Amino acid sequence: MNGKFDVVWNAMISGYVQSGFIADALALFREMVSNGIPLDEFTYTSVLSACVNGGLFGLSKSVHAHAIRAGPNFSSYSALPVNNILITMYSKSGKVELARKLFDDMPLKDHVSWNAMLSGYVDAKLIDDALALFHGMSCMNQMAWMVMTSGFVNNGRAEEALALFNMMRGKGFEPCGFTYAGVMAGCADLGSLTAGMQLHAQVTRYGYESSNSAGNALLTMYAKCGVVEDAHQVFVTMCNLDSVSWNAMISAFGQHGYGLDAINLFNEMLLEGIYPDRITFLTILSACTHCGLVDEGYHYFNYMERHYGITPGEDHYARLIDLLCRAGRISEAQNLIQSMPFEPTSIIWEALLAGSRVNGDVDLALEVADRLFKAVPHLDGTYILLSNIYSSEGRYVEAANVRKLMRDRGVKKEPGCSWIEVSNNVHSFLADDMGHPEIDMVCRVLDLINAKITKLGYKPNTKLVLHAMEERDKEYVLSRHSERLAIGFGLLKLPVKAPIRVLKNLRICGDCHAAIMVMSRAFGREIIVRDVKRFHHFKDGECSCGNYW
DNA sequence: GTAGGGTTAG
């Protein structure tokens with residue numbers, strides 16, 4: 001066996017790994033071993049990479065052991081790539097501290113080592129450790145900035161991602177398409193349309209046509225900031241639509257309540273010869289749910305398996321159950337749960353519980369809540385929903401008991417928070433929150449708004465207030481919900497005809513929904529609310545969800 | 001010929 005020969009083996013293995021043929025790569029490695037072909041650092045690096053890519057961490061340990069036992073004596077230089085992949089191996093198998101130990105002990109490190117360690121921290125959600133490492137990096141490159149910015153975004157720290165992105169530009173680093181994708185996802189999280197549009201201008205100069213990631217993220221940013229038309233504009237101008245682009249656009253239509261557009265786009269996707277995946281069906285089922293298209297939902301649910309061999313997962317079932325419940329077809333939903341090929345878990349029960357609320361079915365709600373209390377005792381949503389169901393039936397004592405149970409178990413309700421962007425600043429409000437510097441003015445505006453919408457026929461739905469208190473106090477509580485504060489602020493600050501875009505971390509409350517419909521008529525304003533589930537476009541006294549959400 | 005990355009759904 002001469003030297004040239006093992007080069008060919010190595011090339012074959014790395015070719016397999018790069019094409020995703022993990023098993024073939026490993027088979028070839030075994031053949032090399034049994035034929036006595038000399039193994040070098042390239043062999044081990046490729047094979048270890050195959051194990052890590054395939055999630056075969058146990059095997060990667062044996063390969064590593066083999067390298068130590070039977071491999072060549074690595075110099076610190078030739079050990080470098082092997083150690084680099086081992087950093088990734090340790091972090092991907094959840095052992096970041098071992099990765100760090102190896103990293104610290106390495107006699108020689110290069111930019112790959114630093115970036116691998118950085119990604120390790122980011123994947124483990126140890127963002128502060130990642131940041132500390134990042135600031136200590138001696139060999140900073142574009143990839144490190146990208147990992148750090150998207151790390152912030154994926155851990156709910158989008159503001160810091162945007163700040164880091166600006167710092168990156170200030171230091172003269174040119175962002176790649178992936179980096180743009182990451183920060184644009186951050187703008188989408190924040191609902192910061194202004195920042196998103198500035199990035200759009202930058203990425204146009206850069207040419208997002210060449211990067212599907214940037215284009216897809218741009219599209220999603222517009223959709224999540226409430227401007228579905230601009231999202232569609234991006235969609236039609238992109239040169240290479242991939243399945244992510246189609247999924248994103250279908251999802252955008254669905255979230256905004258345009259179920260039929262979503263379905264039409266899905267059909268167009270099929271005509272273009274793009275293969276739908278499980279996410280496509282998830283988005284199309286969501287689109288049906290948001291519009292109450294029960295028959296269509298059923299159809300797609302059956303269609304995905306029959307025509308595309310995609311077995312519906314728990315998430316697909318949960319969507320269909322949600323859809324059936326909202327349409328009042330509770331018993332069908334229960335039958336569907338019975339027929340599932342796996343045991344129902346909490347997401348299935350959550351869908352059924354939400355459905356029993358829509359239909360005011362207290363007995364069912366109790367039964368389902370009981371299962372959820374056992375399965376996920378710390379999920380705040382169960383307590384809130386159950387308490388809501390009792391309150392709306394006027395059973396305040398039982399509602400209070402549920403909340404006591406919640407307190408006793410130390411479960412905290414996520415506080416409602418709404419935010420709005422005004423002249424490039426994001427202003428956030430909590431319910432009944434006096435923290436904002438201009439809150440007095442906002443409250444006076446809300447009183448005026450209330451007087452006006454009451455004249456136009458708005459009646460507060462005090463059933464939606466959880467606490468037992470005087471009727472007038474309940475009305476007051478409703479009028480100070482976070483979404484109302486944000487809208488009041490918007491009416492006060494934004495130009496006269498400008499649409500008001502508000503974001504909320506929870507679902508919009510039924511009373512606020514009714515109030516905002518009247519507001520949109522009273523002030524001739526378009527009001528767009530993104531809640532945790534979907535968008536509501538209020539215009540001329542109506543909402544795009546058609547009171548169905 | 002080697003090692004490190006992103007976008008959709010929730």
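Every value quoted in this text rests on a predicted model; they were computed, and no experiment measured them. Reminder, nothing fancy here: chain letters follow the sequence lines and each chain counts from 1.
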Check whether A:Phe103 forms a cation-pi arrangement with A:Lys109 (NZ or CZ under 6.0 Å from the six-membered ring centre, at most 45° off the ring normal).
yes

Those residues at least two apart in sequence (or on a different chain) that pass side-chain hydrogen bond (donor to acceptor under 3.5 Å, both in side chains) with A:Thr220 are none

Distance test, side-chain N/O of A:Ser251 to OP1/OP2 of B:dA9, below 4.0 Å:
yes

Scan residues 63-88 of chain A against DNA chain B and write down, sorted by residue number, each residue with any heavy atom closer than 4.0 Å; if none is found, say none.
A:Pro81, A:Asn84, A:Ile85, A:Thr88

For A:Gln18, which contact category applies under a 4.0 Å heavy-atom criterion: base, sugar-phosphate, or nothing?
sugar-phosphate

In plain terms, say whether A:Glu97 and A:Arg100 are close enough for a salt bridge, that is, a side-chain N and a carboxylate O under 4.0 Å apart.
no

Could you give the CD1-to-P distance, from A:Ile13 to B:dA3, as a whole number of Å?
12 Å

Round to a whole Å and report the spacing from CG of A:Asn141 to C1' of B:dG5.
10 Å

Using a cut-off of less than 4.0 Å, is there contact between a side-chain N or O of A:Ser49 and OP1 or OP2 of B:dA3?
yes

Kindly indicate, with the supporting measurements, whether the criterion ring-ring contact (aromatic ring centres under 6.0 Å, His included) is fulfilled by A:Phe301 and A:Tyr317.
CA-CA 8 Å; A:Phe301 187 84; A:Tyr317 275 99; 5.0 Å; yes

A:Tyr90 has an atom OH; how far is it from atom C1' of B:dA3, in whole Å?
16 Å

Between A:Leu219 (CG) and B:dA9 (P), how many Å, whole number?
10 Å

Determine the contact category for A:Lys533: base if any of its heavy atoms lies under 4.0 Å from a base atom, sugar-phosphate if only primed atoms, P, OP1 or OP2 are that close, otherwise nothing.
nothing

Without decimals, in angstroms, what is the distance between A:Met32 CE and B:dG1 P?
16 Å

Length of the line joining A:Leu48:CG and B:dG1:C1', which is rounded to integer Å
16 Å

What is the separation between atom CG on A:Leu118 and atom P on B:dG4, rounded to the nearest whole Å?
14 Å

State plainly whether the residues A:Asp315 and A:Arg319 are in salt-bridge range, i.e. N to O under 4.0 Å.
no

Would you check if the side chain of A:Asn35 reaches a backbone N or O of A:Ile37 as a donor-acceptor pair within less than 3.5 Å?
no

From the set B:dA9, B:dG5, B:dT7, return the single nucleotide nearest to any side-chain atom of A:Ala217.
B:dT7

For A:Asp110, which contact category applies under a 4.0 Å heavy-atom criterion: base, sugar-phosphate, or nothing?
base

Measure CD1/A:Ile310 against P/B:dA9 and give the value in whole Å, please.
17 Å

Could you tell me whether A:Ser286 contacts a base, only the sugar-phosphate backbone, or nothing, with contacts defined as non-hydrogen atoms closer than 4.0 Å?
sugar-phosphate

For A:His200 and A:Tyr222, does a side-chain donor sit closer than 3.5 Å to a side-chain acceptor?
yes

